[in-house]
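Have a look at the structure below before the remarks.
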Amino acid sequence: SRRMGQDKGLLNYRGGPHREYLYALLGRYCERVLLSLNPSQPAPDSSQFNLIFDHPTYADTGPVGAVVNVAEQHPGVALFVVTCDLPFFDAACAEQLLTAREPLRDATAFFNPDMNQAEPLVTIYEAEFLRRVPSQFKSGVNSLRKLLAKADVKLVTGHDGRCIHSADQPSEFDAAKQKMTTR
């Protein structure tokens with residue numbers, strides 16, 4: 001991360017790299033968990049993690065490229081996407097999203113009141129929707145937010161705002177760590 005100055009997945013909120021915490025957490029709910037990395041990121045031991053590296057076609061396209069990459073490599077499955085910069089994402093957040101899930105819709109996402117739209121980086125994307133994503137991406141729709149704006153999304157409201165709170169800068173990391181130790 002340019003703003004954070006280091007890989008946000010390696011930040012330590014709970015005694016180890018946050019990406020490893022999220023991986024273990026999602027493993028409680030998902031049949032298979034994939035840790036998506038770009039080729040420049042340090043990879044953990046692949047015997048302990050299912051790793052998927054961004055395809056060169058999607059280099060430097062951010063989260064949308066990672067989702068397109070997974071959708072192409074693992075067709076026919078839904079994705080529970082959680083970005084690594086969410087320090088407060090926990091079992092309660094995961095369960096709230098899963099409980100609200102409507103598999104016949106394109107996606108289930110937390111409503112982000114600051115943006116007045118779905119939060120694309122904490123979303124369950126359904127298989128049928130993901131089948132269409134690569135062609136939409138290739139036709140120029142190059143952000144998850146734009147893809148969701150055109151989709152049939154179940155919006156989850158009334159959630160704890162910390163579920164979608166991201167820490168993108170060192171000061172936000174420090175503040176999140178402070179809140180976690182005082183809870």
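Position 1 is the first residue of the sequence, and the numbers go up from there.
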Are side-chain heavy atoms of [X] and [Y] found at a separation under 4.5 Å?
X: Phe111; Y: Val153; value: no
X: Gln117; Y: Leu155; value: no
X: Ser139; Y: Phe137; value: no
X: Glu20; Y: Gln48; value: no
X: Arg32; Y: Asn50; value: yes
X: Arg19; Y: Leu37; value: yes
X: Glu126; Y: Glu102; value: no
X: Thr123; Y: Thr108; value: no

What is the minimum heavy-atom distance between [X] and [Y], and which atoms define it?
X: Lys146; Y: Val141; value: CB-CG1, 3.8 Å
X: Asn38; Y: Asp54; value: CB-OD2, 3.5 Å
X: Met180; Y: Phe88; value: CG-CE2, 3.7 Å
X: Ala78; Y: Arg101; value: CB-NH2, 3.5 Å

For Tyr13, what residues pass the ring-ring contact (aromatic ring centres under 6.0 Å, His included) criterion, not counting sequence neighbours? His18, Phe173
ring-ring contact (aromatic ring centres under 6.0 Å, His included) with Tyr125: which residues, sequence neighbours excluded? Phe129
Could you walk me through whether Met115 and Arg145 pass side chain to side chain contact (heavy atoms under 4.5 Å, CB included), step by step? CA-CA 10 Å; Met115 305 290 235; Arg145 194 170 310 284; 3.8 Å; yes
Is it true that Arg132 and Asp106 have a side-chain N and a carboxylate O under 4.0 angstrom from each other? yes
Are any of the side-chain nitrogens in Asp168 or Lys8 under 4.0 Å away from the carboxylate oxygens of its partner? yes
Hey, does the side chain of Lys177 reach the backbone of Glu172 with a donor-acceptor pair shorter than 3.5 angstrom? no
Can you label the angle between the Phe89 ring and the Phe80 ring as parallel, tilted or perpendicular, going by 30° and 60°? perpendicular
With sequence neighbours left out, which residue pairs that include part of residues 34-96 fulfil the disulfide bond (SG atoms under 2.5 Å apart) condition? Cys93-Cys163
Sort and list the pairs that fulfil disulfide bond (SG atoms under 2.5 Å apart) and have at least one residue in residues 106-148, not counting sequence neighbours. none
Taking only residues two or more places apart in sequence, or in another chain, which ones meet Cys30 in a disulfide bond (SG atoms under 2.5 Å apart)? none
Under 3.5 Å, sequence neighbours excluded: what are the donor-acceptor pairs made by side chains of residues 63-74?
unit_1: Asn69; atom_1: OD1; unit_2: Gln73; atom_2: NE2; d: 2.8
unit_1: Asn69; atom_1: ND2; unit_2: Phe53; atom_2: O; d: 2.9
unit_1: Glu72; atom_1: OE1; unit_2: Tyr58; atom_2: OH; d: 2.7
unit_1: Glu72; atom_1: OE2; unit_2: Tyr58; atom_2: OH; d: 2.8
unit_1: Glu72; atom_1: OE2; unit_2: Lys138; atom_2: NZ; d: 3.1

For side-chain hydrogen bond (donor to acceptor under 3.5 Å, both in side chains), just list the numbers for Glu95 and Tyr29, CA-CA rounded to whole Å, side-chain angles, deciding distance to a tenth of an Å, and then say yes or no. CA-CA 8 Å; Glu95 290 169 11; Tyr29 306 102; 2.7 Å; yes
Would a hydrophobic clustering, with Ile, Leu, Val, Met, Phe, Trp and Tyr connected at side-chain separations under 4.5 Å, put Leu121 with Val133? yes
Same cluster for Leu86 and Phe110 if Ile/Leu/Val/Met/Phe/Trp/Tyr side chains link at under 4.5 Å? yes
